[in-house]
Asks: 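First the structure, then my questions, so here it is.
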2 protein chains.
Amino acid sequence: MRTRSGDKEKSIANAAVKVFARDGFHGAKITRIAEEAGVATGSVYLYFKNKESILHHLFSKLWHAMHVSFEDLLKREDLSAREKIEELFDSIFNLFSQNPPLALLFVNEQHHLLREGTGDFMQYYVEFLRMGEQLVRDGIKRGEFNASVDPRSFTNFVFGGIRQLLHQWARAPRQFPLNTIRRDIKEITMFGLLPRSS
Amino acid sequence: MRTRSGDKEKSIANAAVKVFARDGFHGAKITRIAEEAGVATGSVYLYFKNKESILHHLFSKLWHAMHVSFEDLLKREDLSAREKIEELFDSIFNLFSQNPPLALLFVNEQHHLLREGTGDFMQYYVEFLRMGEQLVRDGIKRGEFNASVDPRSFTNFVFGGIRQLLHQWARAPRQFPLNTIRRDIKEITMFGLLPRSS
DNA sequence: ATTATATTTGAACCCTGATTCATTATTCAG
DNA sequence: CTGAATAATGAATCAGGGTTCAAATATAAT
């Protein structure tokens, strides 16, 4: 009996991240992914049903990781609403900080998956937005947040804003350092554009 | 001599917006666009060089329209910095308000074009971001805005946020009325999440 | 060492859909 | 009316690349 080397799946997945990020899902060729992973073209199909399922796998892992850190975050009773939101930002950034291509993948290819509306990560995505809303709603209830902010709009707005800034960072990490972006986002979302003591 | 009916180009372009929005650029078939436009498949190639160029044409028109309203806006001396920014939001929303598919196209298919980095609208896009930064910088200089907000981060963040909310609206206009979104964005960007008199 | 079993390979297959172009239809000048 | 000249058609072409699978290779058990 022979056993699978075991790290082939991972190296295919990693290669796929790079190639999807560089060429986009449709521009990415399976042969190129295999080459990047150091395996034969056909081997890709031993570990994944098809091209689409590679993308699914990657997004599943990604959203699952997010889901885990978000759940942990929600449970914590030692943080103010503001601190929770800021931790949430941090946990997103931490997920991508070592991996610009992963950020590009996340930012650019999600709409493929939204179009079909299937896949387990869809669940995570929807739940994530709900969580964000809940955080804001709690904060308002506790008097920590401005009650005239709409929780759903806020969550979507911030999610979109983070995506755009992640995108800029991933394309030019030097020009948009992640720590700077993280600080800026907190400043903007918490205080807005107008001076604090108007 | 026979003359082109003249509205065929427009009907192809309009059909393309719908089909691109529904199926995505790669999912969209030329035959489907032709069918939707009420012309033969081959006719599409009388008016456009290829599939890609249809997308280019649409984005060109779109960004050009934005560019025009932004330029007008910048010139106006009767508005405060805050009013200018809010007008800018409005002009974006006005562009899409009658056309959810156009919004979907704008939101979902831009990354194709960013990847190549060519096309005249790229110019507009970059310029648009610069404009946004300049508006914020001016506002800070005039003491209207919080000086610790980074203009570049702010512009990108807000651009991303608007995209996400436009997306939600375009997918379900009833559930996310545009006027609500517009109001919410202004509230969030101007005042942030924290109560105004902390 | 030998055999059985599992894994890997990559060239060939084949489908999809963008693009082409020979044919047909329409317009208009003379 | 006639026939250039142009516009429109849509079936056929053709290329690209996802997927398959027969052959080759590696491993483990005996």
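Everything numeric here is computed off the predicted structure, so don't read it as measured data. In what follows, every chain begins at residue 1, and chains take the letters A, B, ... in the order their sequences are listed.
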Asks: Keeping to residues at least two apart or across chains, list the side-chain hydrogen bond (donor to acceptor under 3.5 Å, both in side chains) pairs with something in residues 23-34 of chain B.
Replies: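 Passing the test, one end in residues 23-34 of chain B: B/R32-B/E35.
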Asks: Taking only side-chain nitrogens and oxygens of A/Y45, does any of them come within less than 4.0 Å of OP1 or OP2 of C/dG10?
Replies: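 No, because none of the side-chain N or O atoms of A/Y45 sits under 4.0 Å from OP1 or OP2 of C/dG10.
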Asks: Looking at residues at least two apart in the chain, or sitting in another chain, which of them share a side-chain hydrogen bond (donor to acceptor under 3.5 Å, both in side chains) with A/Y45?
Replies: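 None.
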Asks: Between residues 12-36 of chain A and DNA chain D, which residues have a heavy-atom gap below 4.0 Å?
Replies: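 Output list: A/A28, A/K29, A/I30.
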Asks: Tell me which pairs pass side-chain hydrogen bond (donor to acceptor under 3.5 Å, both in side chains) where either residue lies in residues 11-22 of chain B, with sequence neighbours left out.
Replies: B/K18-B/E36
Asks: My understanding is that only residues two or more places apart in sequence, or in another chain, count here; which of them pass side-chain hydrogen bond (donor to acceptor under 3.5 Å, both in side chains) with A/D72?
Replies: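 Applying side-chain hydrogen bond (donor to acceptor under 3.5 Å, both in side chains) to A/D72 gives none.
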Asks: Check DNA chain C against residues 48-57 of chain B and give the residues with a non-hydrogen atom under 4.0 Å, in numerical order.
Replies: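 Of all residues in residues 48-57 of chain B, the ones placing a heavy atom under 4.0 Å from DNA chain C are B/N50, B/K51.
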Asks: Using the ring-ring contact (aromatic ring centres under 6.0 Å, His included) criterion, which residues pair with B/F154? Sequence neighbours excluded.
Replies: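 Checked B/F154 against ring-ring contact (aromatic ring centres under 6.0 Å, His included); zero matches.
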Asks: Return the polar atom pairs (N/O with N/O) between nucleotides 9-15 of chain D and the protein under 3.5 Å, or none.
Replies:
from	atom 1	to	atom 2	distance (Å)
D/dT9	OP2	B/A40	N	2.9
D/dT9	OP2	B/S43	OG	2.5
D/dG10	N7	B/G42	N	2.9

Asks: Ring centres of A/F128 and A/H67 under 6.0 Å apart?
Replies: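 Ring centres of A/H67 and A/F128 not closer than 6.0 Å.
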Asks: Taking salt bridge (Lys or Arg N to Asp or Glu O under 4.0 Å) as the definition, give me every residue that meets it alongside B/R137, ordered by chain and number, with sequence neighbours left out.
Replies: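 Once residues adjacent in sequence are excluded, the partners of B/R137 under the salt bridge (Lys or Arg N to Asp or Glu O under 4.0 Å) criterion are B/E133.
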Asks: Can you sort out the partners of B/F106 under ring-ring contact (aromatic ring centres under 6.0 Å, His included), two or more places apart, ordered by chain and number?
Replies: B/W63, B/F96
Asks: With sequence neighbours left out, which residue pairs that include part of residues 160-175 of chain A fulfil the side-chain hydrogen bond (donor to acceptor under 3.5 Å, both in side chains) condition?
Replies: A/Q164-B/Y125, A/Q164-B/N156, A/Q168-B/N156
Asks: Under the rule for ring-ring contact (aromatic ring centres under 6.0 Å, His included), what residues qualify as partners of A/F89, not counting sequence neighbours?
Replies: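 Scan of A/F89 (ring-ring contact (aromatic ring centres under 6.0 Å, His included), adjacent residues dropped) gives none.
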